[in-house]
2 protein chains.
Amino acid sequence: MSRPTRRTHRQAEAEANDRALLEAAREVVAVDGAHASVAAIAARAGVGIGSLYRRYRTKQELFQRLVVIGLDRWLAAAQAGLAHDDPWDGLAHYLLAGIDIGQGSLGAIAGTIEITEEITEKNRCCDTAVDALVARAHAAGVLRPDVTRTDLHLLIEQLGKSPMIDQLRRQGRTDLVDMAIRARARINAIALDGLRAGAPHRLPGEPPDSALLSRRWEPSADNPRPS
Amino acid sequence: MSRPTRRTHRQAEAEANDRALLEAAREVVAVDGAHASVAAIAARAGVGIGSLYRRYRTKQELFQRLVVIGLDRWLAAAQAGLAHDDPWDGLAHYLLAGIDIGQGSLGAIAGTIEITEEITEKNRCCDTAVDALVARAHAAGVLRPDVTRTDLHLLIEQLGKSPMIDQLRRQGRTDLVDMAIRARARINAIALDGLRAGAPHRLPGEPPDSALLSRRWEPSADNPRPS
DNA sequence: CAGATGCGGAGTGATTCGCTCCGCATTCGG
DNA sequence: CCGAATGCGGAGCGAATCACTCCGCATCTG
């Protein structure tokens with residue numbers, strides 16, 4: 001009998017394939033949103049369609065896994081932010097990490113999958129962590145007081161989507177992709193500076209209701225849940 | 001003979017249909033990007049597919065028209081900004097108008113259409129107007145000096161896409177749509193404050209090359225130009 | 001070396017695409 | 001008041017693409 005920690009070649013290869021699959025799915029979904037096709041995902045991962053369907057029985061199962069992983073990374077980013085000594089640095093880390101993780105792509109498929117209890121629970125954890133991050137920054141007086149967690153979330157969602165970078169990447173213009181990524185870093189820096197305390201104006205209107213975000217997980221008419 | 005200013009019922013109705021068609025196309029493209037189907041556009045406009053194809057011989061012809069109209073509005077926004085006495089107010093007006101016009105949706109179909117001389121020329125006009133707007137704001141010392149026209153353009157593109165609002169609108173939740181629009185106004189205000197002079201940090205890296213934007217009009221491998 | 005395992009991708013029916021074409025309602029000219 | 005003309009909506013077309021199945025084959029295991 002082999003030692004339990006020792007895995008066969010096949011098992012290791014299968015795990016590597018799974019990682020490649022998830023990473024590829026993340027990339028393709030970031031570009032095509034809910035319209036991402038399993039063929040494109042498999043091709044990007046460099047595996048056959050058959051291998052994809054051996055691991056995930058349906059496309060939705062893969063997407064659910066994708067959402068769970070995204071929420072995990074999102075929570076990790078928030079906790080890493082809380083680990084920073086400086087309240088502002090922590091908030092900035094969370095925001096930039098959230099943008100890079102592609103929180104925006106999560107929203108794209110949010111309405112297309114069945115919501116499991118696991119997803120709801122992880123979502124709650126994330127909200128709690130971000131609330132702490134925001135409260136600390138508010139208490140330290142480094143974040144403009146009229147910004148709420150939902151504002152932050154919307155900002156991340158908005159800045160997370162980068163259709164131009166996706167388009168350039170599809171075209172294989174790696175030099176331009178680098179340029180676009182550097183350019184986006186500047187946009188992010190602008191947004192960060194807009195979040196700092198001491199802003200010249202109050203934000204317009206009332207703080208947005210957090211229901212705005214939770215409602216997005218509900219199915220829509222054009223994206224009916226599977227029966 | 002009827003007076004030349006007098007048009008028949010049919011002509012007036014056809015014009016109204018055309019306007020509805022263009023507005024519907026703008027909305028559907030804002031949601032679905034280049035994947036927008038002519039059936040969806042016609043349905044949203046409340047006209048038959050046949051009527052659409054009587055006015056535009058192909059889908060691409062409609063999209064080209066859409067881009068031209070978008071560039072017209074964009075130029076008008078820049079000129080309206082220049083008409084403001086206050087340099088900052090002018091810039092802010094341009095930015096907010098550009099976001100609302102849906103400059104972001106132009107980028108989505110930019111790579112899918114044949115570029116006419118008209119489009120190239122209008123694009124040049126827009127760039128010139130925005131350059132003047134930026135230069136005036138820089139000279140007045142109200143815009144942070146490390147922000148370039150391309151930065152502004154990328155910011156507009158980034159903030160122009162609102163997948164969440166599109167999703168809610170498709171679901172017909174008009175109350176949530178209003179809420180989301182108000183929430184986006186706050187995001188825009190944050191970005192605007194981040195653009196003001198006196199920002200605590202310099203933007204990272206070099207100013208982005210304007211080629212980043214012009215290259216996007218070129219066709220891509222997955223979006224080949226029609227032969 | 002024989003059996004087991006997991007792989008890639010051709011094939012399947014369903015769906016959606018851009019687009020054509022035609023029956024029909026409405027309007028115009030006399 | 002009527003026949004001709006006009007422009008409309010949408011059924012229908014071939015092609016493309018979708019999620020998904022299934023099987024021959026290469027590779028690894030005992």
Side-chain angles (χ1 to χ4, degrees), chain A residues 1-3 6-21 24-25 28-29 31-66 109 112-114 222-227, chain B residues 1-4 6-21 24-25 28-29 31-66 109 112-114 221-227:
Chain A
M1 178 192 292
S2 62
R3 287 157 50 198
R6 167 114 190 143
R7 287 163 306 167
T8 67
H9 275 183
R10 316 192 79 96
Q11 285 171 321
E13 188 179 324
E15 275 192 25
N17 274 350
D18 193 27
R19 272 192 299 272
L21 222 34
V28 175
V29 165
V31 176
D32 295 334
H35 294 85
S37 70
V38 288
I41 292 172
R44 181 159 200 97
V47 307
I49 302 175
S51 301
L52 189 155
Y53 274 96
R54 196 165 308 103
R55 254 162 273 283
Y56 303 96
R57 284 176 298 178
T58 64
K59 179 185 176 180
Q60 183 184 188
E61 202 170 296
L62 171 61
F63 276 13
Q64 282 178 330
R65 191 79 231 285
L66 214 55
I109 57 177
T112 72
I113 60 169
E114 187 84 31
D222 60 341
N223 261 328
R225 290 285 164 69
S227 58
Chain B
M1 175 193 295
S2 61
R3 285 157 52 198
R6 167 114 190 141
R7 287 163 305 167
T8 67
H9 275 184
R10 317 192 78 96
Q11 285 171 321
E13 187 180 326
E15 275 192 27
N17 273 350
D18 192 27
R19 271 193 300 272
L21 221 36
V28 176
V29 164
V31 177
D32 296 335
H35 294 86
S37 70
V38 288
I41 293 172
R44 181 162 202 95
V47 306
I49 302 174
S51 302
L52 190 155
Y53 274 97
R54 196 166 308 102
R55 255 161 272 286
Y56 303 95
R57 284 175 299 179
T58 63
K59 179 184 176 182
Q60 182 185 188
E61 202 170 295
L62 171 62
F63 276 12
Q64 281 178 330
R65 190 82 230 286
L66 214 57
I109 56 175
T112 71
I113 61 169
E114 187 84 30
D222 62 339
N223 262 326
R225 289 285 162 67
S227 58

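Residue numbers begin at 1 in each chain, while the letters A, B, ... track the order of the sequences.
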Original post:
Is a donor on one side and an acceptor on the other found under 3.5 Å between the side chain of A:Q60 and the backbone of A:E114?
Top reply: yes

Hey, what do you get for [atom1] ([X]) to [atom2] ([Y]), rounding to the nearest 0.5 Å?
| X | Y | atom1 | atom2 | result |
| --- | --- | --- | --- | --- |
| A:R54 | A:N17 | CZ | CG | 9.5 Å |
| B:I49 | B:L52 | CD1 | CG | 8.0 Å |
| B:Q64 | B:T112 | CD | OG1 | 9.0 Å |

[X] [atom1] to [N] [atom2], straight-line distance once rounded to whole Å:
| X | N | atom1 | atom2 | value |
| --- | --- | --- | --- | --- |
| B:L52 | C:dC21 | CG | P | 17 Å |
| A:I41 | D:dC18 | CD1 | P | 11 Å |
| A:R55 | C:dT5 | CZ | P | 15 Å |
| B:F63 | C:dC17 | CZ | C1' | 12 Å |
| A:Y53 | C:dG6 | OH | C1' | 18 Å |
| A:Y56 | D:dA19 | OH | P | 16 Å |

Please determine if a side-chain N or O atom of [X] lies less than 4.0 Å away from the OP1 or OP2 oxygen of [N].
| X | N | value |
| --- | --- | --- |
| B:S51 | D:dG7 | no |
| A:N17 | C:dC7 | yes |
| A:R54 | D:dC23 | no |

Minimum-distance nucleotide to [X] side chain [options: [options]]:
| X | options | result |
| --- | --- | --- |
| B:S37 | C:dG18, D:dC18, D:dC8 | C:dG18 |
| A:K59 | C:dG18, C:dC7, D:dC20 | D:dC20 |
| B:V47 | C:dC19, D:dG9, D:dA19 | D:dG9 |

**OP:** Please work out if A:A43 contacts a base, only the sugar-phosphate, or nothing of the nucleic acid, heavy-atom cut-off 4.0 Å.
**Re:** nothing

Subject >> Of A:G50 and A:H35, the one whose closest DNA chain D nucleotide lies more 5' >> reply: A:H35

Original post:
If you pin A:I49 and B:A36 to their nearest nucleotides in DNA chain C, which one's is more 5'?
Top reply: A:I49

Original post:
Does any non-hydrogen side-chain atom of A:I113 lie less than 4.5 Å from one of A:L66?
Top reply: no

